[in-house]
Amino acid sequence: RAARLIESFLIELPVPVIYLGQNSEEKYEVIDGLQRMTSTFKFFNNEFPLEGLEIRPDLNGKYFKDLDSKIQGKLEDTTLRTFELANTTPKDLMFIIFERLNTGGKALNDMEIRNCMFRGQLNDLIKELATNTEFVSAINQKNLDKRMQDRALVLRFLAFYNSTYLKAKKGLKPFLNEFFETYRNPPATKISEFRGAFQKSMRACYTIFGDKAFRLQRTSERDAGQWAPKINASVFQVLSVSFTDYDIGQLTRASDAIFEEYCDIIANDPKWVQAVS
């Protein structure tokens with residue numbers, strides 16, 4: 001795909017405009033077009049050869065340094081058009097714009113968009129916490145990291161731990177976006193608090209539920225009573241955030257009772273099960 005982009009420049013095919021957003025530091029962040037820019041710079045740096053070209057197959061196998069000087073000049077004179085969004089653009093609007101503009105091979109999900117929009121210390125912390133051993137063991141679900149679904153859970157925990165559900169009146173997406181924007185680069189004390197709360201909660205979750213954490217039970221006649229293979233994000237949020245109110249010793253001593261009580265709720269309280277389904 002990168003090579004075909006270079007070929008498009010050479011044959012003067014129109015390339016989609018690049019969208020930039022100005023942040024509070026008056027620096028530009030790429031909203032749409034990061035791969036186009038990265039591919040272009042990498043080719044100029046001789047990091048990959050052209051391959052799979054259909055209209056200029058004579059150039060296949062060549063790096064930028066191997067091209068005729070006229071072709072090099074033509075590439076260097078190519079214009080990449082940009083559309084710039086001011087730093088006064090509301091983040092919720094920026095998020096929507098990002099969603100609608102993203103037309104790459106796969107449309108980005110919400111967490112992947114946030115990973116692009118809200119780079120900073122909080123994003124780095126979320127990436128770190130997603131590899132926490134007890135979190136990974138309690139989740140017990142393969143490939144959750146492939147589309148940053150594991151990081152989405154960590155973000156959900158941190159937002160509800162910090163701000164509580166009472167502030168989530170406009171819906172989940174704006175609630176999480178506002179939290180991410182507000183704490184994008186928090187002080188070291190806040191980072192330490194977030195890390196400690198998450199680690200303690202995940203230790204409690206794995207101690208109490210083992211590898212069956214955050215799941216409902218199947219209801220079909222054939223599989224009744226068996227644990228669902230996938231976790232439930234709402235259950236994850238409710239349990240993990242609730243555990244931060246208690247000392248790890250209290251939770252450990254009451255682990256059997258908590259587990260039994262949870263099993264009782266999901267077996268006998270259809271209203272609660274419906275609320276988290």
Would you say that [X] contacts [Y] through its side chain, given a criterion of any heavy-atom pair below 4.5 Å between the two side chains?
X	Y	value
I126	L122	yes
R114	M148	no
N109	E112	yes
E134	C205	no
I266	W227	yes
T40	T78	no
F118	N123	no

Which heavy-atom pair separates [X] from [Y] by the least distance, and what is that distance?
X	Y	value
I248	K200	CD1-O, 3.9 Å
S234	R156	OG-NH2, 3.4 Å
Q199	N132	CG-ND2, 3.8 Å

ask   = Between F135 and F198, is the ring centre distance below 6.0 Å?
value =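 Yes, the ring centres sit under 6.0 Å apart.
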Between the main-chain N or O of [Y] and the side-chain N or O of [X], is there a donor-acceptor pair closer than 3.5 Å?
X	Y	answer
R147	M111	no
S39	R36	no
N232	L216	no
Q237	F160	no
R215	P229	yes
Q22	E84	no
D211	N140	no

Charged N-O contact under 4.0 Å between [X] and [Y]:
X	Y	result
D269	K271	no
R4	E7	no
K62	D58	no

key: Intermediate values then yes/no, side-chain contact (heavy atoms from CB on, under 4.5 Å), W272 and V235   = CA-CA 10 Å; W272 192 89; V235 174; 4.1 Å; yes
ask   = How are the rings of F209 and F243 set to each other: parallel, tilted or perpendicular (split at 30° and 60°)?
value = parallel
ask   = Should the ring pair F157 and Y161 be called parallel, tilted or perpendicular, given that the plane angle runs from 0 to 90° and is split at 30 and 60?
value = parallel
Connected via hydrophobic side-chain network under 4.5 Å: Y19 and I113 = yes
message = Per the side chain to side chain donor-acceptor pair (under 3.5 Å) rule, what does the pair list look like for residues 239-267, sequence neighbours excluded?
response = D264-N268
key: Approximate separation, where rounding is to 0.5 Å, of L158 CG and F180 CZ   =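 L158 CG to F180 CZ: 9.0 Å, rounded to 0.5 Å.
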query = When clusters are formed from ILVMFWY side-chain contacts under 4.5 Å, directly or step by step, what else is grouped with L80?
reply =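 For the cluster that includes L80, the remaining residues are L5, I6, F9, L10, V15, I18, L20, Y28, V30, L34, M37, F41, F43, F44, F48, L50, L53, L59, F64, L67, I71, L75.
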Partner residues of L93 under the side chain to side chain contact (heavy atoms under 4.5 Å, CB included) criterion, sequence neighbours left out = T89, P90, I97
ask   = Under the criterion salt bridge (Lys or Arg N to Asp or Glu O under 4.0 Å), which of E25, E178, E29 is the partner of R184?
value = E29
